[in-house]
K.L.:
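Next up is a structure, given as structure tokens.
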Amino acid sequence: MARILVTSALPYINGIKHLGNLVGSQLPADVYARYERARGNEVLFVCATDEHGTPAELAAAKTGEPVADYCARMWGVQKEIADGFRLSFDQFGRSSSPYNHRLTQHFAGRLAEAGLIEEVSEKQVYSNADGRFLPDRYIEGTCPNCGYDRARGDQCENCTKQLDPTDLINPRSAISGSTDLEVRETKHLYLRQSAMRDKLRDWIESKTDWPVLTTSIAKKWLDDGDGLQDRGITRDLDWGIPVRKGTEDWPGMEGKVFYVWFDAPIEYIGASGEWAEATGQTDAAWERWWRTDKGADDVRYVQFMGKDNVPFHTLSFPSTILGSGEPWKLVDYIKSFNYLNYDGGKFSTSQGRGVFMDQALAILPSDYWRWWLMSNVPETSDSNFTWEGFQAGVNKDLADVLGNFVSRVTKFARSRFEEKVPEGGAYGAAEEALIAELETRVRAYEGYMEAIELRKGAQELRAIWAAGNEYLQAAAPWAAFKTEPERAAAIVRLSLNLVRLYAVLSRPFIPDASKAMLATFGLETAGWPGSVAEALGALKPGQAFTTPEVLFAKITDEAREGFAAQFAGTA
RNA sequence: GGGCCUGUAGCUCAACGGUCAGAGCAGAGCGCUCAUAACGCUUUGGUUGGGGGUUCGAAUCCCUCCGGGCCUACCA
């Protein structure tokens, strides 16, 4: 039995995520985790909210809540939505957890001892009105290059010129609009990633089976310009993990916190700690997933994320892990994704354009979303959500091919026999051909899932469903029943077994429907098929079943038009 | 500006130097009647963005042009 550690990029705390966020990390991670569990492997699947940073503070200020309360509340909201999408996290933690505090401070201490932390004094813009230092992009002003009056301190969106906040003419705070700004000197810690460059490069170059997207982004950062740059890992903020060197104070760094991107990946480990605690286990339980000296050397660690997260997972976090000099588990495979667009454009939080996770669940069952998103997951390039495509995909694949198959089989069986798996008759050439085809397809499906080629996996699964309809059409039990009822009984017996098999195979993608299909036979779970022939004999004659309600109601044209109007956004 | 990815049938995608470039959807025809007017079979449709080159052979490698997207480092 293999042991597989799965992490999904952490969703940021400041609001409900849209489908583009879901499709790029949490959902594919869940499908993969479910698949590996179904194969009988031991899986630890963790995720958490990413709670620190300026945007969280601003979002809290906007609602008038203390930031800690705001995060606690939003964690609850995100957790509930994750449950609604059936994301099967073993732990959905919080980057603000005590575990993460301890671990982050611990790693910083180790890195400092290893000489990989540098203290740098730098000048940053401070806003007296806001009472805080402002990140570059929170300063607005007139671009010295093109005259655009809403240029940001890091870059002018109009002429794309890279800027320094001090370049701006008439700079003001993007938060309050205040022009009462001053440049103050402040000290920060830098992670000396540059010192890790060769080690990182060797490691990344050894990963020849990683998605091109992952390695090309990593290499770009390694080699761009002067090579990998050191990264500041502290900020002048109130909300965050206080800077400490392990368990000791860090002189000169009082009142500062670690930068979110330093502590967020560490929360993968933190969440595992939270999991052990929540399940009443000792530290050894999570350490055997994370410490190669404590049992983790046979763990395969797979990360899922959108392409924007790749630099942090290929460079920064590995620098932290490797630089610690301790035997922490390093990632084995990084699955990265492109973006999902909404009807030709970007999903937009500010313009309310596109579908957000809570809205999606409010209008249609999670399986619909899970299926469409995964069968169109942006693996090789950006993909596009349209209501027409969504309606067509869901109706055809789920309602017509799979749902209707279950429906026609169970209803025919009930009307010609009774609500029991019929006995009598023998399997012949048609059944052997079907079994041979399914044997090939199931093994192909396993291959795709193992390789985390989810789009192809979905495609193969669909072909497996379709094979049932083809078989049924050719075997024509309704015709056989008139002349040779025994033959019809054999066909129905096999077909009912197909429903059970489909439930098992489909579970990673559409867990609710899978559950409903199994419930038809009074089953809660069912094991992954070894040989297809054997699996199709699992339901014995006499086994009772209930004819299920329509598994997937179709999305009507009227409904689709309504959704399209509802989510068009304000722009 | 630099880098990366991408451009294949009306649409969404496969094929990653080698049999007539495949599949799903959409379209057309036929069949079936168990089923959510569902299913099955057959079929129309592509000089693989343009041009040039390497090769016995190129969608696949190289050059170039055109189009689309992303990244470019203290937002996360």
Side-chain angles (χ1 to χ4, degrees), chain A residues 9-14 50-56 58 122 124 133-138 152-155 160-162 165 174 188 190 193 211-213 215-217 219-221 223-225 228-236 259-262 264 306-312 315-316 338-339 341 346 375-376 378-384 386 388-389 392-393 395-416 455-456 458-460 462-463 466 468-479 481 488 491-492 495 549-554:
Chain A
L10 309 187
Y12 195 65
I13 194 72
N14 71 340
D50 178 11
E51 304 192 358
H52 301 311
T54 310
L58 297 181
E122 55 191 19
Q124 277 211 321
F133 282 94
L134 296 177
D136 291 356
R137 71 167 46 197
Y138 283 103
R152 294 189 322 209
D154 56 342
Q155 185 178 34
T160 74
K161 186 178 171 60
Q162 308 263 340
H188 282 296
Y190 273 69
Q193 297 184 142
V212 204
L213 187 63
T215 50
S216 64
I217 291 173
K219 285 178 184 168
K220 161 73 167 150
W221 280 58
D223 298 323
D224 192 39
L228 186 60
Q229 301 297 297
D230 294 342
R231 179 177 280 276
I233 57 164
T234 54
R235 292 291 181 276
D236 291 291
Y259 173 42
V260 276
W261 263 115
F262 182 67
K307 58 186 167 188
D308 51 329
N309 272 335
V310 169
F312 301 101
L315 306 166
S316 310
N338 288 283
Y339 292 143
N341 290 316
K346 288 185 200 300
S375 54
N376 293 279
E379 279 175 326
T380 52
S381 63
D382 291 357
S383 65
N384 191 31
T386 63
E388 289 78 7
N395 285 354
K396 197 69 202 169
D397 297 348
L398 295 184
D400 294 347
V401 176
L402 177 61
N404 183 54
F405 176 77
V406 174
S407 188
R408 66 195 296 206
V409 168
T410 51
K411 285 180 180 167
F412 179 80
R414 180 178 61 179
S415 70
R416 297 300 194 279
R455 200 167 181 144
K456 287 181 180 172
Q459 216 168 58
E460 196 62 44
R462 195 202 120 99
N469 282 313
E470 289 164 29
Y471 163 74
L472 214 54
Q473 191 65 32
W478 47 89
F481 185 78
I491 295 167
V492 168
S495 299
E549 295 303 308
V550 165
L551 214 47
F552 304 100
K554 290 198 191 192

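In the text below, chain A, chain B and the rest are named by the order of the sequence lines, each starting its count at 1. The structure displayed is predicted, hence computed values, not measured ones.
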K.L.:
Using purine N1 to pyrimidine N3 plus N6-O4 or O6-N4 for Watson-Crick, or N1-O2 and O6-N3 for G-U wobble, both under 3.5 Å, which nucleotide pairs with B/rC75?
P.N.:
none
K.L.:
Please answer whether B/rC34 and A/Phe412 are stacked, defined here as ring centres separated by less than 5.5 Å and planes angled under 30°.
P.N.:
no
K.L.:
Under 4.0 angstrom, heavy atoms only, what part of the nucleic acid is A/Asn376 near: base, sugar-phosphate, or nothing?
P.N.:
sugar-phosphate
K.L.:
Under 3.5 Å, is there a donor-acceptor pair between the side chain of A/Tyr12 and the main chain of A/His52?
P.N.:
yes
K.L.:
Is A/Val550 touching bases, backbone alone, or none of the nucleic acid, heavy atoms closer than 4.0 Å?
P.N.:
base
K.L.:
May I ask which nucleotide in the shown strands pairs with B/rC16, Watson-Crick or G-U wobble, both distances under 3.5 Å?
P.N.:
none
K.L.:
Indicate yes or no for a side-chain donor-acceptor contact from A/Asp50 to the backbone of A/Pro11 under 3.5 Å, with no hydrogens or angles considered.
P.N.:
no
K.L.:
Using Watson-Crick or G-U wobble geometry with both distances below 3.5 Å, tell me the partner of B/rU54, or none.
P.N.:
none
K.L.:
At less than 4.0 Å, is any side-chain N or O atom of A/Lys307 found next to OP1 or OP2 of B/rU6? Yes or no.
P.N.:
no
K.L.:
Using a cut-off of 4.0 Å on non-hydrogen atoms, how would the nucleic acid contact of A/Leu10 be classed: base, sugar-phosphate, or nothing?
P.N.:
nothing
K.L.:
Where the side chain of A/Ala392 is defined as all heavy atoms beyond and including C-beta, which of B/rA35, B/rC25, B/rC32 is the nearest nucleotide?
P.N.:
B/rC25
K.L.:
Is the base of B/rC74 touched by the side chain of A/Tyr190 through a donor-acceptor pair closer than 3.5 angstrom?
P.N.:
yes
K.L.:
Would you please confirm or rule out a distance under 4.0 Å between OP1 or OP2 of B/rU12 and any side-chain N or O of A/Arg455?
P.N.:
no
K.L.:
Which part of the nucleic acid, if any, lies within contact of A/Gly403, taking any heavy atom under 4.0 Å across all strands shown: a base, the sugar-phosphate backbone alone, or nothing?
P.N.:
base
K.L.:
I'd like to know if the side chain of A/Ser407 and the backbone of A/Gly403 have a donor-acceptor N/O pair within less than 3.5 Å.
P.N.:
no
K.L.:
Taking only the side-chain nitrogens and oxygens of A/Arg416, find out if one of them lies under 4.0 Å from OP1 or OP2 of B/rC34.
P.N.:
yes
K.L.:
A/Gln229 CD to B/rU72 P: how many Å, rounded?
P.N.:
14 Å
K.L.:
For a quick check of understanding: with a heavy-atom distance under 4.0 Å over all strands, which category does A/Glu388 fall into, base, sugar-phosphate or nothing?
P.N.:
nothing
K.L.:
Rounding to a whole Å, what distance do you find between A/Leu402:CG and B/rG24:C1'?
P.N.:
16 Å
K.L.:
Counting the atoms with a prime plus P, OP1 and OP2 as sugar-phosphate, which does A/Pro55 contact under 4.0 Å by heavy atoms, base, sugar-phosphate, or nothing?
P.N.:
sugar-phosphate
K.L.:
Could you let me know what B/rC70 is paired to, Watson-Crick or G-U wobble, both distances under 3.5 Å, or none if it's on its own?
P.N.:
B/rG3
K.L.:
Report the C-alpha separation of A/Ile491 and A/Leu472 in whole Å, then their side-chain angles, then the decisive distance to 0.1 Å, and conclude whether the side-chain contact (heavy atoms from CB on, under 4.5 Å) test is met.
P.N.:
CA-CA 8 Å; A/Ile491 295 167; A/Leu472 214 54; 4.2 Å; yes
K.L.:
Looking at every strand, decide which applies to A/Pro135 at a 4.0 Å heavy-atom threshold: base, sugar-phosphate, or nothing.
P.N.:
sugar-phosphate
K.L.:
Given atom CZ of A/Arg231 and atom C1' of B/rU72, what is their separation to the nearest angstrom?
P.N.:
12 Å
K.L.:
Using only modelled atom types and a 3.5 angstrom limit, is any donor from either the side chain of A/Asn404 or the base of B/rA38 paired with an acceptor on the other?
P.N.:
no
K.L.:
Below 4.0 angstrom from OP1 or OP2 of B/rC71, is there any side-chain N or O of A/Tyr339?
P.N.:
yes
K.L.:
So does A/Lys411 get a side-chain nitrogen or oxygen closer than 4.0 Å to the phosphate oxygens (OP1/OP2) of B/rU36?
P.N.:
yes
K.L.:
What integer distance in Å separates A/Asp382:CG from B/rU6:C1'?
P.N.:
9 Å
K.L.:
By nearest atom, which of the nucleotides B/rA15, B/rC32, B/rA76 is closest to the A/Asp50 side chain?
P.N.:
B/rA76
K.L.:
Go ahead and name the base partner of B/rA28; Watson-Crick or wobble counts if both distances stay under 3.5 Å, otherwise write none.
P.N.:
B/rU42
K.L.:
Is any side-chain N or O of A/Arg137 closer than 4.0 Å to OP1 or OP2 of B/rC75?
P.N.:
yes
K.L.:
Would you mind reading off the distance between A/Phe552 atom CZ and B/rC39 atom C1', rounded to a whole angstrom?
P.N.:
17 Å
K.L.:
List the steps, then state whether side-chain contact (heavy atoms from CB on, under 4.5 Å) holds for A/Phe552 with A/Val401.
P.N.:
CA-CA 10 Å; A/Phe552 304 100; A/Val401 176; over 6 Å; no
K.L.:
Verify, without hydrogens or angle tests, whether A/Asp382 (side chain) and A/Tyr339 (backbone) share a donor-acceptor contact under 3.5 angstrom.
P.N.:
yes
K.L.:
Measure CG/A/Asn469 against C1'/B/rG31 and give the value in whole Å, please.
P.N.:
15 Å
K.L.:
How is A/Thr380 classified with respect to the nucleic acid when contacts are heavy atoms under 4.0 Å: base, sugar-phosphate, or nothing?
P.N.:
sugar-phosphate
K.L.:
Using modelled atom types and a 3.5 Å cut-off, is there a donor and acceptor pairing between side-chain atoms of A/Ser383 and backbone atoms of A/Asn376?
P.N.:
yes
K.L.:
Between B/rU12 atom C1' and A/Lys396 atom NZ, what is the distance in whole Å?
P.N.:
15 Å
K.L.:
Which part of the nucleic acid, if any, lies within reach of A/Lys219 when heavy atoms closer than 4.0 Å are counted: base, sugar-phosphate only, or nothing?
P.N.:
nothing
K.L.:
Rounded off to whole Å, could you give me the CG-to-P distance for the A/Leu213 and B/rC5 pair?
P.N.:
10 Å
K.L.:
Any idea which of B/rC75, B/rU36, B/rA73 is nearest the A/Trp221 side chain?
P.N.:
B/rA73
K.L.:
Classify the nucleic acid contact of A/Glu470 as base, sugar-phosphate or nothing, counting any heavy atom under 4.0 Å across all strands shown.
P.N.:
sugar-phosphate
K.L.:
Taking the six-membered ring for Trp, are A/Phe412 and A/Trp478 parallel (under 30°), tilted (30 to 60°) or perpendicular (over 60°)?
P.N.:
perpendicular
K.L.:
Side-chain N or O of A/Tyr259 versus OP1/OP2 of B/rA76: is the shortest distance under 4.0 Å?
P.N.:
yes
